There are 2 protein chains.
Amino acid sequence: MPPRPGLSKGELEIARVVWELKQATVRAVYNALADVRDIDFTTVQTYLRRLEEKGYLNVRMEGRVRSYSPKVRPRTVIRETVSDLVDRLFAGDSMPLVRHLVEDSRFTEGEIEQLRQLIDRLEGDSDE
Amino acid sequence: MPPRPGLSKGELEIARVVWELKQATVRAVYNALADVRDIDFTTVQTYLRRLEEKGYLNVRMEGRVRSYSPKVRPRTVIRETVSDLVDRLFAGDSMPLVRHLVEDSRFTEGEIEQLRQLIDRLEGDSDE
DNA sequence: GAATCATAAGTACATCTGTACTTGAGTCAA
DNA sequence: TTGACTCAAGTACAGATGTACTTATGATTC
């Protein structure tokens with residue numbers, strides 16, 4: 001269904017950083033990531049190039065530096081990715097995943113309250 | 001942290017079928033899958049072999065047929081897989097994933113009720 | 001303006017993935 | 001006992017992935 005090739009785990013990680021920064025040069029993504037894990041500047045370059053080739057990012061030259069920005073909305077990528085995972089890991093039923101997350105995540109009081117509200121809002125929407 | 005190599009998307013799918021069947025020959029997994037998607041018997045064989053090599057499945061000869069069963073508990077694989085996804089897609093925060101799932105999944109009344117109970121149970125456990 | 005630095009762009013490459021073909025040995029049915 | 005069938009086991013192979021080196025070029029600093 002998605003007219004784009006899917007993203008690998010590593011590519012997803014890089015895409016997320018671009019989403020967070022809204023707009024980012026290779027250097028910016030590299031800096032954001034290098035904090036967290038050991039990776040080479042040119043590896044980031046390669047990932048960004050591939051993300052653009054696959055149609056997930058736009059590029060624009062800023063002077064002689066390339067600046068990347070989202071082309072496909074994060075929501076869309078997230079939906080596709082999660083849906084694929086649910087298919088493979090739970091035969092398409094997302095309930096077990098929610099259950100797993102809720103049971104395993106050690107949410108704070110505040111987060112639990114958020115969840116409760118989220119669910120309350122659901123009921124209003126659906127049939128009613 | 002996991003002392004095993006991670007699983008690819010395709011491998012996960014095959015692993016899930018084995019979990020569901022608890023114990024399964026190549027033929028059994030093949031049958032379960034062939035219903036759903038077009039795949040060759042020997043492709044299933046290859047996946048199962050790799051899953052065993054990676055330490056996720058046990059094999060046992062039943063006569064001259066191999067029978068596979070889980071070696072790592074599904075819960076564990078699910079935890080590792082989901083945790084990896086959350087890291088890459090949401091920088092480690094699982095709340096957005098729960099939100100996404102709840103908002104996107106079109107749960108039934110019954111499921112929503114289940115969710116509510118799940119959350120109620122949480123509060124009891126956590127601090128208190 | 002020569003040396004240094006930053007970046008782009010191309011190339012490299014081992015491993016992993018998805019998918020399957022081939023070969024050979026055991027099993028069954030006629 | 002020969003063909004049809006099943007399965008294990010080995011091999012194949014293109015494409016994806018993770019990671020980085022190299023080369024060239026524009027920019028910056030003495």
Side-chain angles (χ1 to χ4, degrees), chain A residues 2 4-18 23-34 36-69 77 80-81 84-85 87-89, chain B residues 2 4-18 23-34 36-69 77 80-81 84-85 87-89:
Chain A
R4 289 158 264 101
L7 293 185
S8 70
K9 297 173 181 187
E11 287 167 341
L12 269 185
E13 187 179 23
I14 302 285
R16 172 182 54 79
V17 175
V18 177
Q23 159 96 24
T25 61
V26 181
R27 175 71 40 193
V29 176
Y30 171 73
N31 287 338
L33 262 169
V36 185
R37 77 187 184 86
D38 192 33
I39 192 171
D40 193 278
F41 180 86
T42 60
T43 301
V44 176
Q45 263 188 325
T46 302
Y47 273 123
L48 289 170
R49 179 160 32 77
R50 286 183 190 162
L51 282 167
E52 196 229 325
E53 281 165 11
K54 288 192 175 183
Y56 286 89
L57 296 181
N58 288 312
V59 206
R60 187 162 65 81
M61 293 307 286
E62 271 183 2
R64 63 181 218 87
V65 175
R66 351 189 103 234
S67 182
Y68 293 89
S69 57
V77 179
E80 288 167 3
T81 305
D84 182 76
L85 183 78
D87 284 351
R88 307 208 186 240
L89 207 45
Chain B
R4 288 159 264 102
L7 293 184
S8 71
K9 296 172 182 188
E11 287 167 341
L12 269 184
E13 188 179 23
I14 303 285
R16 172 180 57 77
V17 176
V18 177
Q23 159 96 21
T25 61
V26 181
R27 175 70 43 192
V29 175
Y30 171 74
N31 287 337
L33 260 169
V36 186
R37 77 186 184 85
D38 192 33
I39 191 170
D40 193 278
F41 180 86
T42 60
T43 302
V44 177
Q45 264 189 324
T46 302
Y47 272 124
L48 289 170
R49 179 162 30 79
R50 286 182 189 163
L51 282 167
E52 196 229 325
E53 282 164 10
K54 288 192 176 185
Y56 286 89
L57 297 180
N58 288 311
V59 206
R60 187 162 64 80
M61 293 308 286
E62 271 182 3
R64 64 181 213 88
V65 176
R66 352 190 103 233
S67 181
Y68 292 88
S69 58
V77 179
E80 287 167 3
T81 305
D84 183 76
L85 183 79
D87 283 351
R88 305 204 188 246
L89 207 45

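Numbered from 1 within each chain, the chains take letters A, B, ... in sequence-line order. For clarity, every value in this text was computed on a predicted model and none was experimentally measured.
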query: Is any side-chain heavy atom of Arg66(A) less than 4.5 Å from a side-chain heavy atom of Arg60(A)?
result: no
task: Give Arg88(A) one of three labels, base, sugar-phosphate or nothing, depending on what nucleic acid heavy atoms sit under 4.0 Å from its own.
output: nothing
message: Between Thr81(B) and Leu7(B), is there a side-chain heavy-atom distance shorter than 4.5 Å?
response: no
message: I need the minimum non-hydrogen distance between Val17(A) and Ala32(A), along with the two atoms involved.
response: CG1-CB, 3.7 Å
task: Take atom OH of Tyr56(A) and atom P of dA16(D), then tell me their distance rounded to the nearest Å.
output: 13 Å
- request: Indicate yes or no: at least one non-hydrogen side-chain atom of Leu51(B) is less than 4.5 angstrom from one of Tyr68(B).
  value: no
Terminal axes of the helix from dG1(C)-dC30(D) to dA30(C)-dT1(D) (five pairs each): angle between them, nearest 10 degrees: 0°
message: For a quick test of reading the model, state the closest non-hydrogen atom pair linking Ser69(A) to Gln23(A) and the distance between them.
response: CB-OE1, 3.8 Å
message: Please report the distance, rounded to the nearest Å, between CG in Asp40(B) and P in dA12(D).
response: 18 Å
- prompt: Are any non-hydrogen side-chain atoms of Leu48(A) and Glu52(A) less than 4.5 angstrom apart?
  reply: no
- prompt: Thr43(B) side chain N/O closer than 4.0 Å to the phosphate oxygens (OP1, OP2) of dG18(C)?
  reply: no
query: Rounded to whole angstroms, how far apart are OH on Tyr68(B) and C1' on dA9(D)?
result: 10 Å
query: What is the distance from NZ of Lys9(A) to P of dA16(D), rounded to the nearest Å?
result: 18 Å
field: Distance, rounded to the nearest Å, where Asp38(B) contributes CG and dT19(C) contributes P
entry: 10 Å
task: May I ask you to test the Asp84(A)-Glu80(A) pair for a side-chain heavy-atom distance under 4.5 Å?
output: no
- prompt: Should Ser8(A) be listed as having a side-chain N or O under 4.0 Å from OP1 or OP2 of dA16(D)?
  reply: no
- prompt: Please give, in whole Å, the distance from dG15(D) P to Glu53(A) CD?
  reply: 15 Å
- request: Between protein and nucleotides 3-15 of chain C, map the contacts as a letter string: B base, S sugar-phosphate only, - none, heavy atoms under 4.0 Å, written 5' to 3'.
  value: ---BSBB-B----
field: Protein-nucleotide distance (Arg4(A), atom CZ; dA16(D), atom C1'), rounded to Å
entry: 18 Å
query: Checking side-chain contact (heavy atoms from CB on, under 4.5 Å) against Val29(B), which of Asn31(B), Leu33(B), Val26(B) comes through?
result: Leu33(B)
query: When you check the phosphate oxygens OP1 and OP2 of dT17(D), does a side-chain N or O of Lys54(A) lie under 4.0 Å from one of them?
result: yes
task: Would you mind reading off the distance between Leu48(A) atom CG and dT19(D) atom C1', rounded to a whole angstrom?
output: 14 Å
task: Hey, could you give me the CG/CZ distance between Leu57(A) and Arg50(A), rounded to the nearest 0.5 Å?
output: 13.5 Å
